[in-house]
> 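Dumping the structure here so I can ask a few things about it.
We name chains A, B, ... by the order of the sequence lines, and we start the count at 1 in each one.
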Amino acid sequence: MSSLTQVSPAGNGGKDGPKATPASNFIRQIIDADNASGKHAGKVVTRFPPEPNGYLHIGHAKSICLNFGLANDYGGVCHLRFDDTNPVKEDVEYEESIKEMVEWLGFSFEKNLYYASDYFDKLYEFAQYFIERGLAYVDSQSADEIRANRGTLTEPGTNSPFRDRSAEENLCLFDEMKRGLHADGSQILRLKLDMASPNINLRDPAIYRIRHTEHHRTGNTWCVYPMYDYTHSISDAIERITHSLCTLEFEAHRPLYDWVLAQLVDAGKLPSPSPQQIEFSRLNLSYTVMSKRKLLELVETGLVNGWDDPRMMTLAGLRRRGFTPGSIRLFAERVGVSKAHQWIDMADLERALRDDLDASAKRAMAVLDPVRVVIENYPDGEFEECSAKVNPHDDAAGVRSFKFAREVFIEREDFMENPVKGFFRLVPGGEVRLRHGFIIKCERIEKDAAGNATTIFASYDPATKSGSGGRNVKGAIHWVAKIDGIQAEVRLYDRLFNVENPDSGEGDYKTYLNPHSLKTVTAWLEPSLANAKADVSYQFERNGYFTADRVDSKPGALVFNRAVTLKDGWKP
RNA sequence: AGGGGAGUCGCCAAGUGGUAAGGCACCGGAUUUUGAUUCCGGUAUACGUAGGUUCGAUCCCUUCCUCCCCUGCCA
């Protein structure tokens with residue numbers, strides 16, 4: 001079924017690039033079964049429902065790709081709904097950022113943007129209905145008393161002394177709460193379910209609390225705000241969501257979700273069939289932390305440079321680092337979805353980026369750790385034009401050119417004075433090809449007091465220009481000529497933590513921060529990079545994938561971020 | 001006996017009564033002016049454990065083990 005409606009496996013971004021084949025999974029099976037039975041008349045409506053209280057991270061990306069991807073594959077729609085029911089934590093700033101990132105990932109929600117706060121009137125009216133039916137009551141106990149009376153995991157709770165207030169009294173009290181006659185925390189509206197339920201979520205859950213706080217969208221219209229379980233189920237039903245996907249920790253909330261909807265459907269206040277809540281496991285990534293609290297702490301304590309620090313697993317950070325939307329969609333597809341707890345290695349995310357970029361990224365040469373090479377048999381002051389394909393996989397991308405001259409830079413690690421076995425780059429007396437240029441031979445070197453090469457004196461073979469069809473040698477290394485090279489700051493990133501799971505280890509996760517997660521160097525770049533823009537990925541040949549930093553890079557003062565290195569199969 | 005979930009290759013993940021898909025990683029080999037890419041080939045007598053049912057079990061039943069979630073007026 002799904003294979004017939006399959007459009008773009010890795011999401012609906014529509015961009016070219018590697019795709020993982022969408023695997024069968026338990027959610028697709030449920031949808032297929034619903035489609036077969038005609039439950040939702042073949043419709044698939046999902047939703048991504050963030051609370052606008054923080055920035056999106058790679059874990060959210062999994063959910064976004066899942067919800068939008070499924071809707072897309074089944075010819076349905078996915079709503080972006082802000083779950084903005086708690087004004088003390090939320091802000092428009094977060095809302096804007098979330099919208100920007102969902103779009104960046106390649107998903108569209110123009111016609112499908114919703115707010116839980118748009119349902120406040122209806123939610124209030126339904127709450128009155130629950131009160132009238134004797135299914136909800138205003139509890140005047142303090143938060144502490146309520147907690148004490150909730151019981152424990154193994155002991156039942158005890159009924160509130162206010163549990164049997166009349167519907168009239170409850171209606172009156174609830175109205176007073178709404179009108180602002182009661183202080184925060186002094187009264188609360190609870191569903192009247194079962195204080196002895198083995199499922200604690202069913203022990204008269206709170207559904208409306210008093211918050212004399214301005215809401216970023218409804219202003220001061222309200223001072224009572226509905227809570228998650230109550231709001232979410234109703235919002236899903238109002239929007240005619242068919243499949244409501246959430247993470248595993250909400251499994252125990254499903255009975256409540258179903259109960260609330262069942263009452264309202266029975267009363268003819270909500271349509272049938274109700275949406276089905278389906279839970280899947282969260283994404284855990286090694287060598288990083290994902291909780292909002294820790295991300296916030298890293299930012300606030302200055303351990304990283306903001307929410308979009310390229311070392312952060314926030315979508316803003318990943319974008320700035322140079323990750324592409326396609327790579328994240330590919331990653332989400334590869335990781336799959338199930339109810340088993342998944343621990344994914346950072347390397348898998350990096351792999352997805354390489355796979356996405358290899359086919360499309362422009363190439364350029366850049367020397368990150370330069371050592372000077374003087375080609376003694378090349379006349380000083382002269383130069384020769386060399387060229388190379390912008391993308392070897394795509395002739396249409398054209399060619400770039402750069403000069404070969406007497407003085408060039410090569411990567412320090414591409415030269416070894418005393419080579420180990422198997423090293424086939426430049427060595428004393430040996431030859432190597434300057435990629436896209438000529439074969440050179442190391443004649444002698446000049447060293448500093450510490451024994452490091454400061455200048456390599458070489459000769460070149462004029463008959464070996466790239467493309468001339470002449471002889472060749474085993475090694476080919478990248479280089480940049482001083483005459484037309486440009487210098488730029490390059491930021492080299494490594495994982496933020498040096499242990500696989502900084503979260504659950506003993507002690508403070510901050511003690512596991514990798515002190516070398518950022519290294520800044522001044523590199524020599526080939527001239528074609530002079531106009532590099534953020535959002536355009538380059539492969540620095542033999543080095544990795546880099547992108548101009550979207551905030552710090554300026555024409556004439558370029559700053560590049562290394563998103564990921566190239567795979568390095570060389571083992572000494 | 002509090003309730004609810006999960007355990008299939010190093011990491012993910014299909015299969016769900018008929019004799020273990022796929023991806024990533026890894027190991028070979030070919031091509032290569034990126035030690036990249038690409039391409040070929042290899043990689044679970046095995047599905048947490050112990051029993052049972054069956055001609056036959058990863059799939060059904062039972063036992064046990066391990067891990068995760070739930071005692072917010074957060075979502």
> Contact class for A:G422 (heavy atom, under 4.0 Å): base, sugar-phosphate, or nothing?
base
> Can the ring centroids of A:F331 and A:F323 be said to lie less than 6.0 angstrom from one another?
no
> Identify whether any heavy atom of A:N86 sits under 4.0 Å from a base atom; if not, whether one sits that close to sugar-phosphate; answer base, sugar-phosphate or nothing.
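The residue A:N86 makes sugar-phosphate contact but no base contact.
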> Please determine, for B:rC67, whether a Watson-Crick or G-U wobble partner exists with both distances under 3.5 Å, and give it or none.
B:rG5
> Given atom OH of A:Y460 and atom P of B:rU33, what is their separation to the nearest angstrom?
22 Å
> Looking at A:Q342, does any N or O in its side chain come under 4.0 Å of the phosphate oxygens OP1/OP2 on B:rA13?
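Yes, A:Q342 has a side-chain N/O under 4.0 Å of OP1/OP2 on B:rA13.
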> On RNA chain B, nearest-nucleotide positions of A:D358 versus A:Q141: which is more 5'?
A:D358
> When you look at CZ of A:R282, are more than 12 heavy atoms from neighbouring residues, nucleotides or ligands closer to it than 6.0 Å?
no
> So what does A:V473 touch, heavy atoms closer than 4.0 Å: a base, only the sugar-phosphate, or nothing?
nothing
> Are A:F250 and A:Y257, when compared by the centres of their aromatic rings, separated by less than 6.0 Å?
no
> For the side chain of A:T152, counting heavy atoms from C-beta on, which of B:rU37, B:rC74, B:rU71 is nearest?
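From the listed options, B:rU71 comes nearest.
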> Counting heavy atoms from C-beta on, name the nucleotide in B:rA14, B:rA75, B:rG72 closest to the side chain of A:S338.
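Output: B:rA14.
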> Out of B:rC74, B:rU33, B:rC69, which nucleotide sits closest to the side chain of A:E249?
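The answer is B:rC69.
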> Less than 4.0 angstrom between a side-chain N/O of A:R282 and OP1 or OP2 of B:rC68, yes or no?
no
> Grab the CZ-P distance between A:R542 and B:rU32 for me, whole Å please.
18 Å
> Take atom P in B:rU58 and the same atom in B:rG17, then report the distance between them in whole Å.
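After rounding to an integer number of Å, I get 13 Å for this pair.
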> Has A:W570 got its ring stacked on the base of B:rG35, with centres under 5.5 Å and planes less than 30° apart?
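Stack criterion met.
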> Which of the following nucleotides, B:rG5, B:rA75, B:rU71, is nearest to the side chain of A:L248?
B:rG5
> Scan every strand shown for a Watson-Crick or G-U wobble partner of B:rC60, both distances under 3.5 Å, and answer none if you come up empty.
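When the pairing criteria are applied, B:rG52 turns out to be the nucleotide that pairs with B:rC60.
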> Counting only side-chain heavy atoms from C-beta out, which of B:rU33, B:rU34, B:rU71 sits nearest to A:N472?
B:rU33
> Name the nucleic acid region contacted by A:E279, choosing base, sugar-phosphate or nothing; use a 4.0 angstrom heavy-atom cut-off, strictly under.
nothing
> With RNA chain B as reference, determine whether A:F26 or A:D83 sits nearer its 5' end, using the nearest nucleotide of each.
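Of the two residues, A:F26 wins.
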> Considering every strand and a 4.0 Å limit on heavy-atom distances, what is the contact class for A:R203: base, sugar-phosphate, or nothing?
nothing
> Would A:Y460 and A:E431 count as having a side-chain donor-acceptor pair, cut-off 3.5 Å?
no
> Nearest to the A:F424 side chain among B:rC12, B:rG35, B:rG72, which nucleotide is it?
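Nearest listed nucleotide: B:rG35.
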> NA contact type, A:H253, heavy-atom cut-off 4.0 Å: base, sugar-phosphate, or nothing?
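Answer is base: heavy atoms of A:H253 come under 4.0 Å of a base.
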> Do you see a donor-acceptor pair shorter than 3.5 Å between the side chains of A:E541 and A:H478?
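Short answer, no.
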> By the 4.0 Å heavy-atom rule, please label A:G185 as base, sugar-phosphate, or nothing.
base
> Taking any heavy-atom pair under 4.0 Å as a contact, classify A:A143: base, sugar-phosphate, or nothing.
base
> Regarding A:E541, tell me which of base, sugar-phosphate or nothing describes its non-hydrogen contacts under 4.0 Å with the strands shown.
base
> Quick one: classify the glycosidic conformation of B:rG7 as syn or anti, with syn meaning within 90° of 0.
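Anti, angle beyond 90° from zero.
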> Starting the side chain at C-beta, find the nucleotide from B:rC12, B:rA14, B:rU71 nearest to A:S24.
B:rA14
> Of the candidate nucleotides B:rG35, B:rA14, B:rC74, which contains the atom at the shortest distance from the side chain of A:Q29?
B:rA14
> Under 4.0 Å, heavy atoms only, any strand: does A:K89 hit a base, just the sugar-phosphate, or nothing?
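Base contact.
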> Among B:rG2, B:rU34, B:rA6, which nucleotide has an atom closest to any side-chain atom of A:A340?
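Nearest to the side chain of A:A340 among the choices is B:rA6.
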> I want to know whether A:F560 and A:F546 have ring centres closer than 6.0 Å.
no
> Is the base of B:rU33 touched by the side chain of A:R433 through a donor-acceptor pair closer than 3.5 angstrom?
yes
> Assign A:H436 to base, sugar-phosphate, or nothing according to its heavy-atom contacts below 4.0 angstrom with the strands shown.
base
> Separation of A:L285 atom CG from B:rC11 atom P, in whole Å?
15 Å
> Taking atom P in both B:rU62 and B:rG5, what distance in whole Å separates the two?
15 Å
> At under 4.0 Å between heavy atoms, what does A:S281 touch on the DNA or RNA strands: base, sugar-phosphate, or nothing?
nothing
> Checking all strands, does A:P392 fall into the base, sugar-phosphate, or nothing category for heavy-atom contacts under 4.0 angstrom?
base
> I want to know whether A:Y115 and A:F82 have ring centres closer than 6.0 Å.
yes
> Indicate whether OP1 or OP2 belonging to B:rA75 is found under 4.0 Å from a side-chain N or O atom of A:T85.
yes
> From B:rU34, B:rC74, B:rA13, pick the nucleotide closest to the side chain of A:A476?
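Of the candidates, B:rU34 comes closest.
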> Please assess A:I210 against A:S186 for the test side chain to side chain contact (heavy atoms under 4.5 Å, CB included), listing each intermediate value before the final yes or no.
CA-CA 8 Å; A:I210 303 171; A:S186 63; 4.1 Å; yes
> Using a 4.0 Å heavy-atom cut-off across all strands, classify A:G157 as base, sugar-phosphate, or nothing.
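It contacts nothing in the nucleic acid.
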> Is the phosphate of B:rC69, meaning OP1 or OP2, less than 4.0 Å from a side-chain N or O of A:R254?
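For A:R254, the contact criterion (side-chain N or O under 4.0 Å from OP1 or OP2 of B:rC69) is not met.
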> Would you mind pulling out the nucleotide paired to B:rG41, Watson-Crick or G-U wobble, both distances under 3.5 Å?
B:rC27
> Is there, by distance only and without an angle test, a donor paired with an acceptor across the side chain of A:E155 and the base of B:rU71 below 3.5 Å?
no
> Whole angstroms only, please: what is the CZ-P distance between A:R354 and B:rA36?
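About 12 Å, once rounded to whole Å.
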> So that I know where these two stand, are A:F130 and A:F174 an aromatic pair - ring centroids less than 6.0 Å apart?
no
> Mind checking who B:rG17 pairs with, Watson-Crick or G-U wobble, both distances under 3.5 Å?
none
